[in-house]
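What follows is a set of notes on a single structure, which appears directly below.
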Amino acid sequence: MDTIVGIDLGTTNSLIGVMDAGFPILIADANGARLTPSVVHFHPGSPPLVGRPAARMRALKPAETIYSIKRFIGLRGDELREGDADVSYAVERQGRQPVRVSANEHSYSAEEISALILQKLKADAELALGLSVSRAVITVPAYFNDAQRGATKRAGELAGFTVERIVNEPTAAALAYGLDKLKSRSKIAVYDLGGGTFDVSILELNNGVFEVLATNGNTRLGGDDIDNAIIVHLREKGFSADKPEARARLREAATDAKHRLSTSDSVQIEIPFLDGAQNFSRVLSRNELEGLSRPIIERTRAHCRRSLADAKLAPSELDEVILVGGMTRMPLVRKMVAEIFGREPNTSQNPDEAVGIGATIQAGILSGAVRDVVLLDVTPLSLGIETFGGLMNVIIPRNSTIPIKAGEMFTTAVNNQRSMSIKVLQGEREMARDNWPLGQFEIEFQPALKGVARVGVQFEIDASGILHVLARDTKTGTEKTVEINSAVDVSDAAVEAMISESLDHAFDDMSERVWTEAKLKAEEMLGAVEAAFAQVGDSIDSAEKEMIREAAARVREALGTNDTRKLQAANAVLDDATQGLAAILVEKAMQAAR
């Protein structure tokens with residue numbers, strides 16, 4: 001049985017674990033620490049420092065120390081919001097190019113930095129286990145899009161792993177809490193607030209099967225935002241030093257104060273020798289911290305409510321609410337979670353380690369070390385393609401359980417069509433233009449008449465949440481398969497807004513869709529009538545012909561009104577008026593076939 005490790009690649013800290021005699025064990029480094037800071041320091045002429053030694057360099061050499069790299073993985077320059085690049089090192093953001101960071105005059109991708117962290121975890125595991133480790137399960141926030149998942153997988157491969165599966169963090173945490181502690185059938189909310197991301201997922205556990213009913217979140221909301229709020233507050237209270245080293249020491253002090261205020265009512269912040277003899281000293285109380293943090297934590301409330309609505313559950317129907325992520329140690333977070341879900345959260349597990357334990361259990365499931373547990377994730381947004389008229393045709397609906405495979409046949413839109421453009425979309429809006437393009441490719445075929453079923457399109461989302469699109473010419477069997485790894489052409493803030501926008505615009509979107517469908521039908525019938533008149537016009541009497549022409553005229557008139565009901569009624573009249581004409585066409589075709 002091959003060893004597969006489970007990895008929590010976190011914004012602030014990372015962990016690695018392995019199943020041992022049926023139990024998940026998190027592996028410690030040579031110093032006995034299970035948590036590895038997700039920090040990399042570059043020093044000229046020396047190999048990079050990773051983990052705790054690198055974290056100690058943040059205050060000394062901030063420009064050469066990379067942290068919170070998870071916030072940039074899979075993103076492009078134009079997707080960064082104001083404040084996202086507020087770090088002590090240089091961030092390269094060039095339009096549609098992937099975000100890169102630089103230190104010591106060298107440029108690195110987010111995947112390369114993440115790979116260094118993963119290599120450190122790999123080395124720790126191999127030292128502790130005394131054997132080579134090459135297979136891994138890696139967790140990601142549930143709301144990571146396809147590009148971010150793909151980038152995480154590439155980071156694992158750069159580190160020397162075969163990435164067996166990408167697993168949603170809340171789902172992994174549910175495994176850690178639920179494997180032997182929950183009753184056989186339970187509904188669970190997983191509230192995951194970490195250093196850089198927030199997720200909430202609603203899961204159902206039924207006799208060993210974990211199924212994600214709904215998920216929601218924000219890939220750029222977490223403890224880093226609270227650190228930034230504390231920093232702004234301390235600057236307003238007199239911290240004025242502005243050298244990079246001073247700013248780094250201020251961030252370190254803010255983070256430390258935040259941690260200590262989870263168990264203390266107040267803390268003394270001391271930052272000596274900022275600029276010569278200049279010192280900074282300030283008391284920060286828990287009340288002050290909660291005042292600064294409340295607006296940030298409050299932003300999680302809407303995501304929680306939306307996930308419950310998507311799962312069609314009331315808070316009272318939940319059996320457990322579990323906490324994940326270091327930020328859930330904060331008393332204010334636990335209080336707000338209790339308010340949102342109407343029950344005290346389960347705090348029986350270490351929130352820093354729950355995801356790592358869950359990843360390890362999932363690795364055990366894949367390796368065969370754990371049996372009778374099945375993990376079913378969901379896709380957070382609908383996936384489909386653009387069809388004639390600019391409509392969004394959904395192939396995999398939002399919140400479908402993955403892995404999943406679904407397909408549909410598509411017909412040609414015009415005569416002698418030689419190719420079909422497959423434009424892959426993600427989103428919840430009715431019109432293609434309002435959704436996000438993930439990729440586009442063409443499949444070519446021999447000229448075909450309009451309306452011929454010619455191309456089959458199949459979407460497959462694998463267990464890691466990565467989309468594969470296949471288009472097949474049904475006549476020749478020619479096919480083209482594309483793995484969609486491109487970034488969504490929209491910021492993560494818009495990812496959060498997509499669902500609420502679809503609700504806000506639901507009436508207008510549906511009205512436009514119905515009008516477009518009616519318009520396409522009208523244009524198709526008008527073309528068919530003219531073609532039929534040219535073919536069999538002499539075979540019908542003048543009265544019937546005039547009736548058809550009048551019905552067609554009403555359709556043309558309705559097309560200019562933008563009145564859907566009027567156009568639908570005119571279409572129905574023309575449809576009835578052409579019944580006789582259609583019968584003549586069928587009879588003529590049968591005679592020609594004899």
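In this chain, numbering begins with 1 at the start of the sequence shown.
Judged by the 6.0 Å and 45° rule, Arg299 forms no cation-pi pair with Phe198.
One finds a salt bridge joining Lys70 and Glu169 here, because a Lys/Arg side-chain nitrogen approaches an Asp/Glu carboxylate oxygen to under 4.0 Å. Using a 4.0 Å cut-off between charged nitrogen and carboxylate oxygen, Glu353 and Arg34 count as a salt-bridge pair. Between Asp265 and Arg260, no side-chain nitrogen of the basic residue sits less than 4.0 Å from a carboxylate oxygen of the acidic one, so the salt-bridge criterion is not met.
Counted by atom type alone, Ser201 and Thr215 present one or more donor-acceptor pairs between their side chains at under 3.5 Å.
By the side-chain contact (heavy atoms from CB on, under 4.5 Å) test, Ala115 pairs with Leu158, Ala159, sequence neighbours left out. Judged as a salt bridge (charged side-chain N to carboxylate O under 4.0 Å, His left out), and not counting sequence neighbours, Lys153 has no contacts.
For the pair Arg100/Glu112, a side-chain contact is recorded, criterion being any heavy-atom separation below 4.5 Å from C-beta on.
Heavy-atom minimum distance, Pro331 versus Ser262: CG-O, 3.6 Å. Residue Thr360 comes nearest to Ile25 through the heavy atom pair CG2-N, 4.3 Å, listed as atom of the first residue, atom of the second, then distance. Of all the heavy atoms in Asn13 and Ser38, the pair that sits closest is C-OG, 3.4 Å. Across every non-hydrogen atom of Ala354 and Ala176, the tightest pair is O-CB, 3.3 Å. Contact detail for Gly223 and Lys258: the closest heavy-atom pair is O-NZ, 3.5 Å. Here the shortest heavy-atom pairing between Met330 and Ile297 reads SD-CD1, 3.8 Å.
Residue pairs satisfying the ring-ring contact (aromatic ring centres under 6.0 Å, His included) criterion with at least one member in residues 336-362, sequence neighbours excluded, are absent. Each side chain to side chain donor-acceptor pair (under 3.5 Å) pair with one or both residues in residues 325-341, not counting sequence neighbours, appears once here: Arg301-Glu339, Arg329-Asn350, Arg329-Asp352. Pairs of residues two or more places apart, or lying in two chains, never qualify as ring-ring contact (aromatic ring centres under 6.0 Å, His included) while including a residue from residues 344-367. Among pairs with a residue in residues 33-64, those fulfilling ring-ring contact (aromatic ring centres under 6.0 Å, His included) read Phe42-Tyr108, at least two apart in sequence or across chains.
Surrounding CZ of Arg305 are at most 12 heavy atoms belonging to other residues, nucleotides or ligands under 6.0 Å away. Within a 6.0 Å radius of CD in Glu270, other residues, nucleotides and ligands contribute more than 12 heavy atoms. Annotation for Lys122: atom NZ counts as buried by contact number, over 12 foreign heavy atoms lying within 6.0 Å.
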Next item on the list: Assess whether side chain to side chain contact (heavy atoms under 4.5 Å, CB included) is satisfied between Leu284 and Ile230, documenting all intermediate values.
Entry: CA-CA 9 Å; Leu284 184 69; Ile230 298 171; 4.1 Å; yes

